[in-house]
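Comments concern the structure below.
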Amino acid sequence: MSTAVMVVVAVVVIAVLAAVGYFAWTQARTRRLRRRFGPEYDRAMERHGNRSAAERELLSREQRHQELELRDLDPRQRELYREQWTHVQEQFVDAPEAAVEQADRLVTVVMGERGYPTGNFDEKVTHLSVEHGRTLDHYRRGHAISTRASAKEASTEELRQAMVHYRALFEDLLAIPAAERSAAPSPGPAAEPAGSTRPDGTARPDGPARSADSDEERAAGPRHERTAPSGERRGDEQTPKT
């Protein structure tokens with residue numbers, strides 16, 4: 001075999017090894033980003049339409065996240081915030097809209113205490129996505145309902161769901177052990193406003209969502225006996241779950 005042929009073979013082998021190495025590296029990066037960002041990885045893929053652009057955005061988020069001076073809460077702070085959440089939850093029965101507003105504010109306070117920026121909503125989501133991507137959809141759902149509530153467009157049941165969504169991120173920020181956390185259902189699709197039109201052209205049901213004073217809830221008993229967001233009956237002898 002001539003020297004020229006050997007050089008060509010060597011170059012081809014090196015190129016193949018480099019391609020294999022690059023493929024393995026990109027696959028490992030994809031697996032790592034999927035593990036870290038969870039559902040946020042799929043959201044970035046949907047937004048950008050291709051893997052390279054989505055992963056560049058997520059890597060950029062990681063870089064900005066490294067610049068933050070994050071800190072854990074000490075046990076005393078954690079317990080204090082859990083007590084505050086219990087107080088907010090107890091207010092839900094008599095003032096659901098105010099309770100949701102307070103829940104949103106308390107989540108923001110804990111973000112700031114942990115060292116996260118607390119500016120606009122998009123900024124908060126971007127920074128939270130790096131370590132809290134698996135509960136971030138709950139935050140989006142809760143914020144969307146809270147926004148509708150400020151315009152008096154959210155039903156009591158939606159407000160109840162908002163409390164559950166906020167609680168999922170709240171407990172994640174507090175680093176509460178999984179065994180002690182309240183059950184949080186999958187965020188699911190966003191609620192559809194009544195009277196609007198779906199993408200396929202069919203009309204969504206008209207009329208306002210069912211209120212807290214519907215026939216079913218009136219039949220359930222007085223307001224002070226209705227269920228709080230935790231699912232526990234509120235009474236003098238019981239305390240809602242945190």
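On a predicted model such as this, the values are computed, not experimentally measured, just so you know.
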So [Y] and [X], do their side chains get closer than 4.5 Å, heavy atoms only?
X      : Y      : value
Leu159 : Phe92  : yes
Gln77  : Glu113 : yes
Arg29  : Arg34  : no
Leu128 : Leu169 : yes
Leu73  : Leu173 : no

Which heavy atom of [X] sits nearest to which heavy atom of [Y], and what is that distance?
X      : Y      : result
Arg61  : Ser129 : NH1-OG, 2.8 Å
Trp85  : Arg167 : CZ2-CB, 3.4 Å
Met163 : Ala103 : SD-CB, 3.8 Å
Gly133 : Pro39  : O-CD, 3.8 Å
Arg71  : Glu69  : NH1-O, 3.3 Å
Gly142 : His165 : N-CB, 3.8 Å

Would [X] and [Y] show up in the same hydrophobic cluster when neighbours are defined by side-chain heavy atoms closer than 4.5 Å?
X      : Y      : answer
Leu80  : Met111 : no
Leu68  : Phe37  : no
Val130 : Val110 : no

As a quick check of understanding, evaluate side-chain contact (heavy atoms from CB on, under 4.5 Å) for Arg148 and Ile145, giving each step before the final call.
CA-CA 5 Å; Arg148 293 203 303 276; Ile145 295 172; 3.6 Å; yes

Between Glu46 and Arg43, does any side-chain N to carboxylate O distance fall below 4.0 Å?
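No, Glu46 and Arg43 are not salt-bridged.
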
Out of curiosity, [X] [atom1] to [Y] [atom2], how far, rounded to the nearest 0.5 Å?
X      : Y      : atom1 : atom2 : result
Glu101 : Tyr166 : CD    : OH    : 9.5 Å
Arg64  : Ser60  : CZ    : OG    : 4.0 Å
Leu33  : Glu57  : CG    : CD    : 11.0 Å
Glu153 : Thr147 : CD    : OG1   : 10.0 Å
Met45  : Leu58  : CE    : CG    : 10.0 Å
Tyr81  : Arg76  : OH    : CZ    : 9.0 Å

Just wondering, more than 12 heavy atoms not from Gln27 lying within 6.0 Å of its CD?
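Atom CD in Gln27 is crowded, with more than 12 foreign heavy atoms closer than 6.0 Å.
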
Begin with the C-alpha distance, continue with both residues' side-chain angles, and end with the deciding distance and a verdict on side-chain contact (heavy atoms from CB on, under 4.5 Å) for Arg141 and Val164.
CA-CA 10 Å; Arg141 303 302 187 197; Val164 174; over 6 Å; no

Ring-plane angle category for Phe121 and His143, please: parallel below 30°, perpendicular beyond 60°, tilted otherwise.
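The rings of Phe121 and His143 lie parallel, inter-plane angle below 30°.
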
Contacts of type side chain to side chain donor-acceptor pair (under 3.5 Å), residue Arg51, not counting sequence neighbours
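Checked Arg51 against side chain to side chain donor-acceptor pair (under 3.5 Å); matches are Tyr41.
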
Considering the options His138, Arg134, His132, which one meets the side-chain hydrogen bond (donor to acceptor under 3.5 Å, both in side chains) requirement together with Asp172?
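Among the candidates, only His132 passes.
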
Output, in order, the C-alpha distance, side-chain angles, deciding distance and verdict of salt bridge (charged side-chain N to carboxylate O under 4.0 Å, His left out) for Glu171 and Arg82.
CA-CA 9 Å; Glu171 293 182 336; Arg82 293 183 75 172; 5.6 Å; no

Apply salt bridge (charged side-chain N to carboxylate O under 4.0 Å, His left out) to Arg114 and Asp72, showing your working.
CA-CA 6 Å; Arg114 289 287 314 276; Asp72 293 330; 3.7 Å; yes

Salt bridge (charged side-chain N to carboxylate O under 4.0 Å, His left out) evaluation trace for Arg140 with Glu40
CA-CA 12 Å; Arg140 287 192 177 94; Glu40 285 300 299; 2.6 Å; yes

For Gln91 and Gln102, does a side-chain donor sit closer than 3.5 Å to a side-chain acceptor?
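Side-chain D/A pair, Gln91 to Gln102: absent.
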
Examine the side chains of Glu55 and Thr30 and answer whether a donor and an acceptor come within less than 3.5 Å of each other.
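Thr30 and Glu55 do have a side-chain donor-acceptor pair below 3.5 Å.
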
Can a donor-acceptor pair be found, under 3.5 Å and without considering hydrogens, that links the side chain of Arg78 to the backbone of Leu174?
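Checking the backbone N and O of Leu174 against the side chain of Arg78, a donor-acceptor pair under 3.5 Å is found.
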
ring-ring contact (aromatic ring centres under 6.0 Å, His included) contacts in which one or both residues fall within residues 56-76, not counting sequence neighbours
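Sorted pair list comes back empty.
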
